[in-house]
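What follows is a single structure, written as structure tokens, with notes after it.
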Amino acid sequence: MQFFGGSDISPSPPAPTASGHNAHMMYMFNRNGVCLFYREWNRPLRTLNPQQDHKLMFGLLFSLKSLTAKMDPTSAEKGNLGVPQLPGQGCSFHSFRTNTYKLSFMESPSGIKIILVTHPRTGDLREALKYIYNLYVEYVAKNPVYAPGTPIKCELFNTNLDQYVRSIS
Amino acid sequence: MPAAAPRSGDAIFASVEHVTCSALQNAELFTLTYGAIVRQLLTDLEEVDEVNKQLDQMGYNIGIRLIDEFLAKANVSRCVDFKETAETIAKVGFKMFLGVTASVTNWDADGTCCSIVLEDNPLVDFVELPDTCQGLYYCNVLSGVIRGALEMVSMKTEITWTRDVLRGDDAYELQVKLLKLVPEEYPYKDDE
């Protein structure tokens, strides 16, 4: 698994673009690893084809969740690394930050994972991710044409999401 | 700064509350619509068992979507065990979607099987079952909804009706049995 390196690959942190989008990209996965949604607003560097990129992202999160839960100093149970967990157990991480970006993560108990990648000076996006989850419920889950577990192709969701992301600082 | 986000989330919640204020009109429309669906199913399928199955399947399809709405709006923290799950369904879930509170009783020794009891059931207002429909579980959609919703939070359950007012009992009682917990597995094969 590769993590984004330091200075040799990435350019300096991008300033908010003229179009006003403060986020780089967003992913949504369900519990089975299906990439429900991927949208990019500002991504200058692409190293993998989309399928590999999605798999990498999902695998990264899966492992991070497992690691953070096992390394929890406040938890009493001593499970083994690699044992599958329920989406409720253990602590779960909500963001990590590098010198060039910040990745914010939210997982619902139903296994819907929302990932937002933004510039590194972004604040705590947990409320924003909750709002995006609400957008998902209103425009996707309640959409009778949408089949759960398949990639999201709802125009209303896209428009509302774009509008909202523009307002995140 | 997250200034905009909480307000928008609150706005959604407030609009949901607004809808439930005109609950009287919506509830009747809901009850009548459900009744029309059951009648149509009886006409199309004729067999009472088939109708029961269809209602359960419809409920399942509703449940797998409803769970996300519930999780987004109810803001409950993750349930630690099945006992807490059952209480949450009865007190928060039923209240939120049907406007009635249910109670949880009859826990078995393991804590894997319980009964959810509904005194009030908005689906059955105005309903009487004729003799030709003996064997029909009129509210079977509810068992499907709970089964579908719980499956999306990793619990495989089996849900049956033990008491049904339309069949002569004094309350509606659903037996909810936890079959197994399905933890999240890494979905991709490791061979690439």
Side-chain angles (χ1 to χ4, degrees), chain A residues 29-34 51-52 54-56 58-59 61-63 65-66 82-90 92 106-113 122-138 140-144 146-149 160 163-169, chain B residues 1-16 19 58 60-82 84-85 88-89 96-97 148-156 178 180-192:
Chain A
F29 294 95
N30 74 356
R31 56 187 301 137
N32 297 323
V34 174
Q51 280 74 32
Q52 287 180 313
H54 299 156
K55 264 207 207 136
L56 177 66
F58 187 83
L61 295 168
F62 194 85
S63 311
K65 268 193 326 171
S66 185
V83 170
Q85 285 187 322
L86 300 177
Q89 275 173 347
S92 81
M106 184 195 95
E107 183 184 23
S108 79
S110 56
I112 301 289
K113 307 180 204 329
T122 322
D124 188 359
L125 283 181
R126 272 180 285 184
E127 287 302 320
L129 289 173
K130 273 212 203 108
Y131 183 73
I132 294 179
Y133 185 48
N134 270 297
L135 284 181
Y136 163 80
V137 164
E138 293 300 316
V140 181
K142 289 191 180 175
N143 184 343
Y146 169 70
N160 279 278
Q163 218 170 15
Y164 178 65
V165 166
R166 224 167 287 163
S167 70
I168 303 178
S169 65
Chain B
M1 66 216 145
R7 272 205 295 276
S8 311
D10 284 347
I12 292 184
F13 209 84
S15 73
V16 170
V19 165
M58 278 168 51
Y60 179 82
N61 290 332
I62 293 175
I64 62 179
R65 296 170 190 254
L66 205 72
I67 181 67
D68 280 316
E69 182 175 0
F70 176 74
L71 291 170
K73 304 238 162 89
N75 241 337
V76 285
S77 58
R78 293 167 179 185
C79 294
V80 176
D81 56 14
F82 188 60
E84 202 181 328
T85 307
T88 308
I89 295 175
M96 200 167 133
F97 292 109
L150 286 179
E151 191 169 305
M152 298 305 282
V153 287
S154 321
M155 292 182 230
K156 270 213 155 23
L178 176 67
K180 70 175 187 170
L181 296 170
V182 189
E184 209 170 301
E185 298 261 340
Y186 187 67
Y188 306 126
K189 309 215 193 351
D190 281 329
D191 49 18
E192 57 262 336

> Do you know which two heavy atoms are closest between B:Ile64 and A:Pro148, and how far apart they sit?
Replying inline: CD1-CG, 3.9 Å
> Closest heavy-atom contact between A:Arg31 and B:Glu151?
Replying inline: NH1-O, 4.2 Å
>> To check you understand the geometry: which heavy-atom pair defines the closest contact between A:Pro109 and B:Val153, and what is its length?
In response: O-CG1, 3.6 Å
>> For a quick test of reading the model, state the closest non-hydrogen atom pair linking B:Asp68 to A:Val137 and the distance between them.
In response: O-CG2, 3.4 Å
> So, for A:Pro144 and B:Arg65, which heavy atoms are closest and what is the spacing to 0.1 Å?
Replying inline: O-NH2, 4.0 Å
>> Which atoms of B:Leu71 are under 4.5 Å from chain A, going by heavy atoms: the side chain, the backbone, both sets, or neither?
In response: both
>> So, taking the atom named OH in A:Tyr136 and the one named CD in B:Glu69, what distance separates them when rounded to the nearest 0.5 Å?
In response: 12.0 Å
